[in-house]
Protein chains: 2
Amino acid sequence: MRMGEGVEWALHTCLNLTWVEAGQAVPASRLAAYYELPAAYLNKQLQALARAGLVVSAPGPRGGFQLARPPERVTLMDVVAAIEGEEPAFRCTEIRGRGPAEGGPFPTACVIDRSMRAAELAWRRELASRTLADVKAEVEREAPDAPARFRNWLSRKGA
Amino acid sequence: MRMGEGVEWALHTCLNLTWVEAGQAVPASRLAAYYELPAAYLNKQLQALARAGLVVSAPGPRGGFQLARPPERVTLMDVVAAIEGEEPAFRCTEIRGRGPAEGGPFPTACVIDRSMRAAELAWRRELASRTLADVKAEVEREAPDAPARFRNWLSRKGA
DNA sequence: GCAGAGGTACTCGGATACGCGCTGTCCGAGTAAATTGGG
DNA sequence: CCCAATTTACTCGGACAGCGCGTATCCGAGTACCTCTGC
């Protein structure tokens with residue numbers, strides 16, 4: 001079970017977006033350059049975030065992306081779901097009904113499917129309980145100069 | 001994020017293996033026929049379970065697979081890990097250190113990585129808390145004839 | 001000096017190739033059972 | 001009738017193709033800004 005690499009990019013990029021002043025948009029190319037990532041591919045991920053309503057995009061000069069909601073209202077689950085999709089990792093194909101021994105429909109849902117869904121629900125709850133604001137606060141506590149470093153790099157490159 | 005289809009096969013197959021009498025081995029071809037699965041591919045998954053020490057294999061006539069431990073000692077996490085691998089779904093590539101702005105090593109681990117690992121740990125704990133015996137008991141409570149149906153089909157085919 | 005039309009440069013957005021891993025299949029090594037021949 | 005060597009058939013185990021999704025890239029549509037011209 002492998003999670004797409006774009007998730008890591010999206011999470012770090014969203015974190016960086018929490019540090020730009022409100023109302024200012026940052027182009028995908030600038031966001032990608034900060035981590036030396038392929039700009040076009042990061043743009044693709046940002047499009048997914050835009051479709052999910054997590055960021056808003058603006059075309060043209062001075063355009064780019066910015067968070068659509070305050071960081072307190074964006075959970076890690078939102079970001080992961082936007083990139084990886086909403087469908088669960090484990091997909092029950094009902095093989096129990098495929099054999100020669102089994103006949104009609106079943107009274108209850110597949111027990112294995114229920115167990116796997118329960119585990120995945122725990123994972124989702126954990127991710128949903130953590131917002132971008134939480135991560136932002138923790139990073140600022142461990143590396144207080146991180147926001148200024150990003151903002152300075154942003155304006156330096158833009159000058 | 002997609003989980004391999006072999007996980008579902010392995011889980012159902014392990015459940016079926018809890019219903020065969022102790023000491024008896026069942027060939028992969030027989031186990032596959034019960035769900036109309038590709039025999040050779042299920043064999044591949046069973047090999048992974050054997051490498052993980054969950055099942056023991058015996059070659060030759062009257063050979064096959066059987067559980068290596070009592071169902072109480074086999075968790076769903078064991079099966080999933082045997083098929084999908086031990087490495088976590090989210091892999092931190094430390095992109096924070098790749099940019100032009102960041103320089104030396106970091107005092108603490110990546111906050112995003114920690115959050116993702118915490119969520120994945122919750123998922124693992126949930127899966128580890130559920131044993132094959134639990135699933136077996138629940139299935140037998142909801143469909144009491146399931147064990148006999150499998151055992152009968154097994155002996156009928158073998159007759 | 002000011003307003004407006006035109007040009008320009010920059011952005012997102014979707015359509016298009018490439019590569020790796022999961023899916024699926026095959027054949028060979030090894031073993032236990034069945035068979036056959038002899039004592 | 002009993003035993004042992006041989007043959008046989010069946011199993012796992014790893015090596016070999018096919019396909020789909022994630023990865024990576026490019027080019028076009030659209031827009032805001034800047035410039036130039038006329039008033």
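Heavy atoms only: backbone and side chains are in, while hydrogens, waters and symmetry mates are out.
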| task | Whole angstrom is fine here: how far is it from CE in A:Met1 over to P in C:dG21? | result | 16 Å

| Whole Å only: how far is the OH atom of B:Tyr41 from the P atom of D:dG14? | 16 Å

| said: My understanding is that only residues two or more places apart in sequence, or in another chain, count here; which of them pass side chain to side chain contact (heavy atoms under 4.5 Å, CB included) with B:Ala143? | reply: B:Asp145, B:Ala146

| request: Would you kindly compare B:Glu84 and B:Pro38 by the position of their nearest DNA chain C nucleotide and give the one closer to the 5′ end? | output: B:Glu84

| said: I'd like to know if B:Arg114 pairs up with A:Glu142 as an ion pair, taking the criterion as any Lys NZ or Arg NE/NH1/NH2 lying under 4.0 Å from an Asp or Glu carboxylate oxygen. | reply: yes

| task | Quickly work out the A:Arg2 CZ to C:dT23 P distance and round it to whole Å. | result | 13 Å

| request: Report yes if some heavy atom in the side chain of A:Lys136 is under 4.5 Å from a heavy atom in the side chain of A:Leu132; otherwise report no. | output: no

| task | Mind calculating the distance between CG (A:Leu42) and P (D:dC26) to the nearest angstrom? | result | 16 Å

| said: Does B:Arg62 have more than 12 heavy atoms from other residues, nucleotides or ligands lying within 6.0 Å of its CZ? | reply: no

| request: Check the angle between the aromatic planes of A:Phe150 and A:Tyr34 and answer parallel, tilted or perpendicular using the 30° and 60° thresholds. | output: perpendicular

| said: Please give me every residue in residues 5-19 of chain B whose heavy atoms get under 4.0 Å of an atom in DNA chain C, ordered by residue number. | reply: B:Glu5, B:Trp9

| request: Write down the distance between CE (B:Met3) and C1' (D:dG22), rounded to a whole number of angstrom. | output: 18 Å

| field | Row check, A:Tyr35 ring normal vs B:Arg96 NZ/CZ: under 6.0 Å, within 45° | value | no

Produce the list of close N/O pairs, under 3.5 Å, pairing protein atoms with atoms of nucleotides 11-16 of chain C; give distances to one decimal.
| residue | atom | partner | partner atom | Å |
| --- | --- | --- | --- | --- |
| C:dT11 | O4' | A:Gly60 | O | 3.0 |
| C:dC12 | OP1 | A:Ala28 | N | 3.0 |
| C:dC12 | O3' | A:Ser57 | OG | 3.4 |
| C:dG13 | OP1 | A:Ser57 | OG | 2.7 |
| C:dG13 | OP2 | A:Ser57 | OG | 3.3 |
| C:dG13 | N7 | A:Asn43 | ND2 | 3.1 |
| C:dG13 | N7 | A:Gln47 | NE2 | 3.2 |
| C:dG14 | OP2 | A:Gln47 | OE1 | 3.1 |
| C:dG14 | OP2 | A:Arg51 | NH1 | 3.1 |

| task | Of all the heavy-atom pairs spanning B:Ala122 and A:Glu126, show the shortest one and how long it is. | result | CB-OE1, 4.1 Å

| Where do A:Trp9 and A:Glu5 land on the side chain to side chain contact (heavy atoms under 4.5 Å, CB included) test, with the steps shown first? | CA-CA 7 Å; A:Trp9 302 0; A:Glu5 198 174 0; 3.7 Å; yes

